[in-house]
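The structure appears right after this line, and notes come after that.
Proteins get letters first, then strands, A, B, ... in listed order; numbering begins at 1 in each.
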2 protein chains.
Amino acid sequence: MRIGELAGRTGVSPRLLRYYEEQGLLRPRRRPSGYREYGEGDVERVRRIRVLLSAGLPTTTIADVLPCTVDVGDGLAAACPGLLPELRRERDRISRSITDLSTARTMLDTIIGATSH
Amino acid sequence: MRIGELAGRTGVSPRLLRYYEEQGLLRPRRRPSGYREYGEGDVERVRRIRVLLSAGLPTTTIADVLPCTVDVGDGLAAACPGLLPELRRERDRISRSITDLSTARTMLDTIIGATSH
DNA sequence: GTTGACTCTCACATCCATGTGAAGGTCTAG
DNA sequence: CTAGACCTTCACATGGATGTGAGAGTCAAC
């Protein structure tokens, strides 16, 4: 499919899809015209990129992680032992973020509760 | 206390403390010399700012929220009914962020689990 | 006094995902 | 053949918290 369709199906702008390619996260084929040609699998791939990106992983780290993920039904398999330290670091960072967000939410809930009696 | 001490006790750089003031989050007194003079309560206030900031609230929103919080032991009381919609919106946004982060963490855990057998 | 640590203001830099726009090629339906 | 939608590359803008540095004033200790 071309970039417009992938954009439509993922909700990610063409501009960003090109940016992800520039960052090494996507590698579409090219038509003779120069048009990018994406495969079906890229829909899921973009979804994963979005998940990791929204979790605060930088594109460079995502570029390391993606090649290590292989589809297994709706799950993943992977085998990049060298990446383990970084993966654990990111997971821990995410856990801390969740803790921080929970703290903030509790604070807001307290205020909301006190305000609405 | 002066800015250096507050910075030391909160772990927040003087630069940021001045920035928070510029954003209306802190209102230190001034000495005749122009030096900022902070009160004890500002230590806790800065801590709250950090919590909300790390949860992604913009300083302008924090500026709205802070005046509505009154110390009650280690908790808060508040009474700004007009702020409720925004507070709820932010809380929901935080909840979504937590969901997103959990999804990403699960993804990383799956990869980590698959990699380390 | 003088030195050195601290403070002041102001201004410019950085990060990095994301937007926007210009100038121009490609494809498809009529 | 042509119009219009889609695509290409390139470059510059943005936002918002944060860093950094310059030039100058303040204060405490010796």
Does one side chain, of [X] or [Y], offer a donor that lies under 3.5 Å from an acceptor on the other?
X: Arg105(B); Y: Ser95(A); answer: yes
X: Gln23(B); Y: Thr60(B); answer: no
X: Arg50(A); Y: Tyr20(A); answer: yes

Just to be sure I understand the rule, does Arg36(B) reach a base, reach only the sugar-phosphate, or reach nothing, if contact means heavy atoms closer than 4.0 Å?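 Contact class for Arg36(B): sugar-phosphate only.
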Rounded to whole Å, how long is the line connecting atom [atom1] of [X] with atom [atom2] of [N]?
X: Ile3(A); N: dC27(C); atom1: CD1; atom2: C1'; answer: 16 Å
X: Leu17(B); N: dT7(C); atom1: CG; atom2: P; answer: 10 Å
X: Arg18(A); N: dC7(D); atom1: CZ; atom2: P; answer: 8 Å
X: Tyr38(B); N: dT7(C); atom1: OH; atom2: P; answer: 10 Å
X: Glu37(B); N: dC27(D); atom1: CD; atom2: C1'; answer: 13 Å
X: Glu21(A); N: dC7(D); atom1: CD; atom2: P; answer: 14 Å
X: Arg2(B); N: dC8(C); atom1: CZ; atom2: P; answer: 9 Å
X: Ile49(A); N: dT18(C); atom1: CD1; atom2: C1'; answer: 15 Å

Does any N or O in the side chain of Arg31(A) come within less than 3.5 Å of the main-chain N or O of Tyr35(A), such that one atom is a donor and the other an acceptor?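 Flag not set: sc Arg31(A) to bb Tyr35(A) has no pair under 3.5 Å.
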Listing time: all N or O pairs from protein to nucleotides 16-18 of chain D that are below 3.5 Å?
unit_1  : atom_1 : unit_2   : atom_2 : d
dA17(D) : OP1    : Thr59(B) : N      : 3.0
dA17(D) : OP1    : Thr59(B) : OG1    : 3.4
dA17(D) : OP2    : Tyr19(B) : OH     : 2.1
dA17(D) : O5'    : Tyr19(B) : OH     : 3.4
dT18(D) : OP1    : Arg50(B) : NH1    : 3.2
dT18(D) : OP1    : Arg50(B) : NH2    : 3.3
dT18(D) : OP2    : Tyr20(B) : OH     : 2.9
dT18(D) : OP2    : Arg50(B) : NH1    : 3.1
dT18(D) : O4     : Arg15(B) : NH2    : 3.2

With respect to the phosphate group of dC7(D), does any side-chain polar atom (N or O) of Ser33(A) fall under 4.0 Å of OP1 or OP2?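 Result: no.
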Any donor-acceptor pair, under 3.5 Å, between the side chain of Tyr35(A) and the base of dC6(D), if you only look at N and O atoms?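 For Tyr35(A), whose side chain was compared with the base of dC6(D), there is a donor-acceptor pair (under 3.5 Å).
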Using a strict threshold of under 4.0 Å (side-chain N to carboxylate O), is an ion pair present between Glu5(B) and Arg9(B)?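 Yes, charged N to carboxylate O under 4.0 Å.
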Got a salt bridge between Glu44(A) and Arg48(A), using NZ or NE/NH1/NH2 to carboxylate O under 4.0 Å?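 Salt bridge between Glu44(A) and Arg48(A), a charged N being under 4.0 Å from a carboxylate O: yes.
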Of Arg36(B), Arg27(B), Arg29(B), Arg45(B), the residue whose pairing with Glu21(B) passes salt bridge (charged side-chain N to carboxylate O under 4.0 Å, His left out):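 Testing Glu21(B) for a salt bridge (charged side-chain N to carboxylate O under 4.0 Å, His left out) against Arg36(B), Arg27(B), Arg29(B), Arg45(B) leaves exactly one candidate, Arg36(B).
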